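Below is one structure, written out as structure tokens; the observations come after it.
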2 protein chains.
Amino acid sequence: MRFMIATKQKLLDGAIAAIREHGVAGVSARTIAATAGVNQALVFYHYGSVHELLAAACRAATQTRVDAYRERFAAVTSLRELLDLGRALHEEERELGNVKVLAQLLAGAQVDEKLVAPTASALALWTAEIESVLSRILAGSPIAEIAQVRGLAHAVAASFVGLELYEGADPAGARNAFSALEQLAVLLEVAEDLGPVARRALRSRLAKARRPRVSP
Amino acid sequence: MRFMIATKQKLLDGAIAAIREHGVAGVSARTIAATAGVNQALVFYHYGSVHELLAAACRAATQTRVDAYRERFAAVTSLRELLDLGRALHEEERELGNVKVLAQLLAGAQVDEKLVAPTASALALWTAEIESVLSRILAGSPIAEIAQVRGLAHAVAASFVGLELYEGADPAGARNAFSALEQLAVLLEVAEDLGPVARRALRSRLAKARRPRVSP
DNA sequence: GTCTATAGCTGGATAGAC
DNA sequence: GTCTATCCAGCTATAGAC
């Protein structure tokens, strides 16, 4: 994929731009081609179908975004820093419209099973990144004893997408939700700094709750 | 709305059933009418347009579901009970397909601004219920000092929707996320039972973080 | 590789008979 | 209130000229 003729790349970019502009329900070979500034028939010549183009665009766009954040993810050393990065990422990607694209694809995947696989692998790129940071900074933390790191990574990704969609319907509500979650994060910081006595207390509570098995 | 002729009601039910079955992108006057077992032209006679029918159906269906849970919400007296009810609600509504309908409408609202208002008011019905329970059971709790109750209610609703959409693309990931969040809830329980010393420590940390203003 | 043209289908919406 | 019939727009996908 290192070398790609101009038209194929234009179609990839056009597909993402079209989703951003019209939503997944509003994309078609015609709208994509118009956005890309190329002929409509080329969608089928290069990608066979609209779905396959969307799948390719989803994959390429997500990879690009994840790569763009890799260094910043790697630089994170605390929960607070991760939360700050999360906030920044949300705002930057919102500006660029990329979180919207992911949310749209996720919504589209509910309807169209041909979108399930590409969407799932796009989400996986993000959650893998989050999981690797979490497992690094939560090593030895009581939080890691309480919840599966992989599950947390999935929860973070799912909540992000949910908040993004929520914002489209109720912007003020979404802002309040974001603020509340950030404030709640203070609790996690406190938990991270627990002394041995408090840790024992937490552990005894944990014993009462069943520890779920994580799926692969 | 207490008395409604049979056909109008059939169309309302048909609209919800059609969304459940085909997703927002797959609903049309024809599919709704077919699901409802009535003539396609009646969509326009009774509701003027497909969008207006969807708005009415969204409103009616959500009200019905919220009403069905009102007593159970009212019976909740602790955070743990609320979480259990949340889990039960998610599973029951998932079974009935209603969370899917809400998620679909939310996705549709990103695309079609005519869906924004009905979707927002449907979400508001849920968040109002959650907020009233939260403010009751969190009265005097340090959690209420940390985060705005209304913001928390919005966050819960948004995360629920996000998880529902996530489940369509990656079922195993969604299950892990749910488990992780439940385990994390142990932290909230601990916070609820904090003694005076620990509360003071928490409060001093809180002072460092700015308390955001809540929107109306 | 890129274009035009078009087949074949589905959808929103309306007119007018009953 | 309900039905049939129909118009027109937009869609996927392909055939075939260049």
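Letters go in sequence order (proteins before strands), and every chain restarts at 1. A quick note: this is a predicted structure, and the numbers were derived from the prediction, not measured.
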Task: First and last nucleotide of DNA chain C, 5' to 3', lying under 4.0 Å from heavy atoms of chain A - done: dG1(C) to dT4(C)
- [ ] Kindly calculate the angle separating the two end axes of the helix from dG1(C)-dC18(D) to dC18(C)-dG1(D), each obtained from five base pairs, and round it to 10 degrees.
- [x] 10°
- [ ] Applying side chain to side chain donor-acceptor pair (under 3.5 Å), name anything that partners Asp67(B), two or more places apart in sequence or on another chain.
- [x] Gln63(B), Arg70(B)
Open item on the list: How many whole angstroms separate atom CD of Glu52(A) from atom C1' of dA13(D)?
Closed with: 13 Å
- [ ] For Gln40(B) and for Ile5(B), find the nucleotide of DNA chain D with the closest heavy atom, then tell me which residue's nucleotide is more 5'.
- [x] Ile5(B)
TODO: Check the distance between dC7(D)'s P and Phe44(B)'s CZ and give it to me in whole angstrom.
DONE: 17 Å
- [ ] Give Val50(B) one of three labels, base, sugar-phosphate or nothing, depending on what nucleic acid heavy atoms sit under 4.0 Å from its own.
- [x] sugar-phosphate
- [ ] Would you check if there is a donor-acceptor pair between the side chains of Ser49(B) and Glu52(B) at a distance under 3.5 Å?
- [x] yes
- [ ] Select base, sugar-phosphate, or nothing to describe what Ala41(A) touches, counting heavy atoms under 4.0 Å on all strands.
- [x] base
TODO: Describe, in one word, how the ring planes of Trp126(B) and Tyr69(B) are oriented to each other, choosing from parallel (under 30°), tilted (30 to 60°) and perpendicular (over 60°).
DONE: tilted
Open item on the list: From NE2 of His51(A) over to C1' of dA13(D), roughly how many Å is that when rounded to an integer?
Closed with: 14 Å
Open item on the list: Assess whether a salt bridge exists between Arg72(A) and Glu92(A), defined as any Lys/Arg side-chain N lying under 4.0 Å from an Asp/Glu carboxylate O.
Closed with: yes
TODO: Could you state the atom-to-atom distance from CG of Leu42(A) to P of dA13(D) in whole Å?
DONE: 15 Å
Task: Given Val133(B), Leu138(B), Leu134(B), the one that forms side chain to side chain contact (heavy atoms under 4.5 Å, CB included) with Arg136(B) - done: Val133(B)
Task: Check: Glu81(A)/Thr77(A) side-chain N/O donor and acceptor closer than 3.5 Å - done: yes
- [ ] Would you please indicate if the ring centroids of His154(B) and Phe178(A) are separated by under 6.0 Å?
- [x] no
Open item on the list: Using a 6.0 Å cut-off, check whether atom CZ of Arg20(A) has over 12 heavy atoms from anything other than its own residue.
Closed with: yes
